Amino acid sequence: MSLCTTHHVLSVARYLQYPHCATTSIIKQPSMISVLLFFLLVAATTAQTTSTNSTKSPPDILFIVPDRSTPYPNGLHNGILTSAYNYDADYSVEVIDYGNYDQAKSFAVLNAAIDTPTEQQPKVYCIWPMDVESKRLAGELFETHRVPIVQINQLPDDWELDHLVGYAGPKDAERAGNAGIMMVDAMKERGVENAKVIALGYPASYSGYPLSIEAFRNSIDSSIDIVKETPFARPDLRQSAYIEIVNLIDNNVEFNGVYAMDDDILLGAYEALNDRGRVYVKGENIEPDAVTLVGTVCNGARELLENGKQYGTTIQAPFLEATLAFDQAMEYIETGKLNETIRFTPNPIARGDSWDGMVVDFLGKAYAADSLCTWNQYHERINGLMDTFDTQNACDWVDCLFIPEGLFIAGYVMVGINYLLILVSSILLFIHRKKKIILLAQPFFLALILLGSAVDTTSIIFMSRDSRNYTRRELDNGCAAFVWLLTLGQMLTTATLVAKIYRVKRVTSQMRPGATNIAKKTKVTTKDVAGFIVGGLLIDIVILAAWFGTAPFKWTTQVTSQDFNGIILQAVGQCSSEGSNAWVYPMVIVILHLLLLVYANVLAYQTRAFHRISDSKMAAVCVFNSIQLLIIATIIVAMSGDNVSIAYIIKACYAFLNNFGVIALMILPKLYQCYYNKGDDVHSSSRLATNVQPSHQAGYISGLGNVSHIDRATLCNNRASVSDSEANASPPPSRRPTESDIPEESEVE
């Protein structure tokens, strides 16, 4: 018996290359003399090999099967090889593979067989069709050339039963029924009543799928309910099973057991359940949510049976399938018919406590069950989470880098400090709202500064979240709230400072060298400078709306480490935007705020001569502090990369320090003086002039309220009152105007 194979070269002492095959051939040689003669023939016919190959005779038996890249088909190839060796008759056998269940290659191989002339056809085909379409092509092959076909592994349908010569393979209903029996026994041993089971299977196009599901359902009693049946598509059944279990757990589906149509599929389910500590192990993990695993085909990992992590399986031997198919092909070649067209390989139950002593009798021979199975001795993980989008929370399944809880506590402490300052400042501001120092500082704008600081500080609360305590939706909302609050809060604070200083600049704009009409009333209302606040907020809102409309800032889990199989080893969750241009939006906001801060600093410098009204000195310090914080925080956060702890510290400290500084510099000093009853004593009392009686509407400054009760020395830097003519006179060109040059009749409204 000779064997030609399209993809294997075997160099074993009893197998030699056969020169007449276009592919590698193997023949059985009875003696060393024959071996020597064979080598002489090879040497004598080397020059004629090419022409011989091109005109070779068709094989007697042609196998079309998957390649050896996975254990089960590998066992089939070994069975073909062994059967060809053991058979004494001189028949040629050829094996053509179609890859690892490669549908396109399967179609190509079958179409090539259909296109082969009838005279070049083998006497018998042995075909393992991978799906329904492949079975259709096998039927077309039979109809075209009328060459008998022995179908392997895939159960024949009604047409195939009537036309194909035979079937050799497992009995799907028997093995699935045995799995049902084991599931019932397992649940009884656990004492689980009304158990819920998940059924994982082959592609729905596999003809044995409905038979298996039906047989499993019929073998379980009323105490077990199949809550979901899931067929998978090839080629990666195991990874599909992993993702299915991930989705079931993510969606809080309750189940106590998993039945898989083969143990390779079961391994994917095992890996997912093991990641969450939910694999039932007798005497070890007996939690109510633990899951019992029952498989079939014995093509997984023997270690799981040995360690009690898999309750049981069924013995299924591709080696015996090949032996049976070969036996049927030889019977047909020699007799022209088959006594039995449908022949099954055995599928007995193998439990974790009995598999190692099992022996299977088949065709008059005894086989150790372990030798027939295509399982691996040990389990090596090759499946896991490969994409963070496959689960609602990747950190439930892989190791994630989290911000330490202590840092979140520190963030909440910062929020508490600022909230306390804002609350106390608001109360005191209301109490002392009629004090001179408060009126001069424009209470309306001080209140807006406190409001902006509260909004800005609140962003720390929403950035202090991660997937340990919040759902995906809550995290997405938190990411959005953090950005909006931080951006608008800072804009409200900064724009208010700008409006406050700009208002004073407008009031004092006539007090410049060479001015001819200083006494002219200047009206600058709140509405006149509200454009800074409203405009700034509107610009930020437009930018944020465009940002969230095109590249939403939401919670994402980013992979930081993977193994060579693509399994995620480590990840980090943080707020971010997708898209290559998403960085443009935050950068525009940073630049806009930075420019506004710079402009505020310029205004503070321009009104430095009137700092007792404009607070320009404190404002300059405050704005410069904000500029530094914004630049430093932006750079460090951009450089922090995947280090979420550093990024959190910088962002939280920025929001805290920026607002703390504004309150401490712009508001607390004034409240301090009011607390010690110095709110009306803006300067030393010994230097105040008290005899100034303002004329009609004199001393009214809009935003400061009616300050006619404030003596002129206070407004004019402690200078004595001057006559109306002196007040109307322009200051000397060579001297910079000061607060003493403010005309008594001026009205700032």
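Small disclaimer: the values here were computed from a predicted structure and weren't measured.
Using a 3.5 Å distance cut-off with no hydrogens or angles, the side chains of Q558 and S576 do pair a donor with an acceptor. Side-chain atoms of D275 and Y242 form a donor-acceptor pair, as typed in the model, at a separation below 3.5 Å. In summary, the side chains of N247 and D250 do not present any donor paired with an acceptor at a separation below 3.5 Å, with no hydrogens or angles considered. Inspection of the T550 and Y585 side chains reveals an N or O donor paired with an N or O acceptor under 3.5 Å.
A side-chain donor-acceptor contact under 3.5 Å links S640 to the backbone of V637. Remark: the backbone N or O of Q570 is paired with a side-chain donor or acceptor of T560 at under 3.5 angstrom. A distance-only check finds a donor-acceptor pair linking the side chain of R465 to the backbone of E474 [under 3.5 Å]. The backbone N or O of F445 lies less than 3.5 Å from no partner atom in the side chain of T496, so there is not a single donor-acceptor pair. The backbone N or O of I646 lies less than 3.5 Å from a partner atom in the side chain of N643, making a donor-acceptor pair. Here the side chain of D236 pairs a donor or acceptor atom with the backbone of Q239 at under 3.5 angstrom. Without hydrogens or angle criteria, K670 side chain to M666 main chain gives a donor-acceptor distance under 3.5 Å. Within the 3.5 Å criterion, the main-chain N or O of V253 finds no donor-acceptor partner in the side chain of N251. In this structure, D476 contributes its side chain and W555 its backbone to a donor-acceptor pair below 3.5 Å.
Between F408 and Y412, a ring centre-to-centre spacing not shorter than 6.0 Å is recorded. Aromatic pair Y599/Y502: centroids not less than 6.0 angstrom apart.
Annotation: disulfide (SG to SG under 2.5 Å) contacts involving residues 397-486, sequence neighbours excluded, comprise C395-C400, C479-C575. Listed by first then second residue, pairs satisfying disulfide (SG to SG under 2.5 Å) with a partner in residues 403-455 number zero, not counting sequence neighbours.
In this structure, R276 CZ and E271 CD are separated by 15.5 Å, a value rounded to the nearest 0.5 Å. N601 contributes atom CG, which lies 10.5 Å from atom CD of Q606 (distance to the nearest 0.5 angstrom). Here the straight-line distance linking atom CD of Q673 with atom CG of L668 works out to 12.0 Å at 0.5 Å rounding. Atom CG of residue N677 and atom NE2 of residue H432 lie 8.0 Å apart, to the nearest 0.5 angstrom. Interatomic distance, D540 CG to L492 CG, rounded to the nearest 0.5 Å: 10.5 Å. Between the CG atom in L671 and the CD1 atom in I438 there is a gap of 5.0 Å [rounded to 0.5 Å].
Pairing each heavy atom of P669 with each of A664, the nearest pair is CD-O, 3.1 Å. Closest of all the heavy-atom pairs between A394 and T557 is CB-CG2, 3.8 Å. Between A604 and A620 the shortest heavy-atom distance is CB-CB, 3.9 Å. When all heavy atoms of L429 and P443 are compared, the closest pair comes out as CD2-O, 4.3 Å. Residues A655 and L486 approach most closely at CB-CD1, 4.0 Å, considering heavy atoms.
The aromatic rings of F482 and F553 are tilted relative to each other, their planes meeting at an angle between 30° and 60°.
Under the rule for a disulfide bond (SG atoms under 2.5 Å apart), C653 has no partner lying at least two apart in sequence or in another chain. Evaluation of the salt bridge (charged side-chain N to carboxylate O under 4.0 Å, His left out) rule for D289 yields R278 as partners, not counting sequence neighbours.
Counting only heavy atoms from C-beta outward, the side chains of V246 and D390 never approach each other to under 4.5 Å. Side-chain contact check for L248 versus E254: every heavy-atom pair is 4.5 Å or farther apart. Within the 4.5 Å cutoff, side-chain heavy atoms of V483 are placed close to those of W547. Looking at L544 and L488, their side chains come closer than 4.5 Å, going by heavy atoms from C-beta outward. Inter-residue side-chain proximity for P552 and S577 is flagged as unmet; no heavy-atom pair is nearer than 4.5 Å. Side-chain contact between H593 and T487 is present, with heavy atoms from C-beta onward closer than 4.5 Å. At a threshold of 4.5 Å between non-hydrogen side-chain atoms, the residues L273 and I245 count as touching. Residues L596 and M491 are in side-chain contact: their nearest non-hydrogen atoms beyond the backbone lie under 4.5 Å apart.
Heavy atoms from other residues, nucleotides or ligands lying under 6.0 Å from CE of M618 number 12 at most. Remark: R473 CZ is loosely packed, at most 12 non-hydrogen atoms of other residues, nucleotides or ligands lying under 6.0 Å away.
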For this session: Given side chain to side chain contact (heavy atoms under 4.5 Å, CB included), test M386 with I567 step by step and report yes or no.
Result: CA-CA 5 Å; M386 298 183 179; I567 299 174; 4.1 Å; yes
Exercise. Are I568 and D563 close enough, and set up right, to give a side chain to side chain contact (heavy atoms under 4.5 Å, CB included), and what steps lead you there?
Worked result: CA-CA 7 Å; I568 300 172; D563 68 8; over 6 Å; no
For this session: Determine, step by step, whether R472 and K554 satisfy the side chain to side chain contact (heavy atoms under 4.5 Å, CB included) criterion, reporting the C-alpha distance in whole Å, the side-chain angles of both residues, the deciding distance to 0.1 Å, and the verdict.
Result: CA-CA 9 Å; R472 181 64 173 269; K554 59 184 180 180; 5.6 Å; no
Exercise. Step by step, would you call C674 with I437 a side chain to side chain contact (heavy atoms under 4.5 Å, CB included)?
Worked result: CA-CA 8 Å; C674 292; I437 194 170; 3.6 Å; yes
With a 3.5 Å cut-off and sequence neighbours excluded, list the donor-acceptor pairs that the side chains of residues 621-635 form with protein atoms.
from: S626; atom 1: OG; to: C622; atom 2: O; distance (Å): 3.2
from: S626; atom 1: OG; to: N658; atom 2: OD1; distance (Å): 2.6
from: T634; atom 1: OG1; to: L630; atom 2: O; distance (Å): 2.7

When the side chains of residues 449-463 are checked against the rest of the protein, which donor-acceptor pairs come out under 3.5 Å, sequence neighbours left out?
from: S453; atom 1: OG; to: I449; atom 2: O; distance (Å): 2.9
from: D456; atom 1: OD2; to: N659; atom 2: ND2; distance (Å): 3.2
from: T457; atom 1: OG1; to: N418; atom 2: ND2; distance (Å): 3.1
from: T457; atom 1: OG1; to: S453; atom 2: O; distance (Å): 2.8
from: T458; atom 1: OG1; to: Y419; atom 2: OH; distance (Å): 2.6
from: T458; atom 1: OG1; to: A454; atom 2: O; distance (Å): 2.6
from: S459; atom 1: OG; to: D456; atom 2: O; distance (Å): 2.6

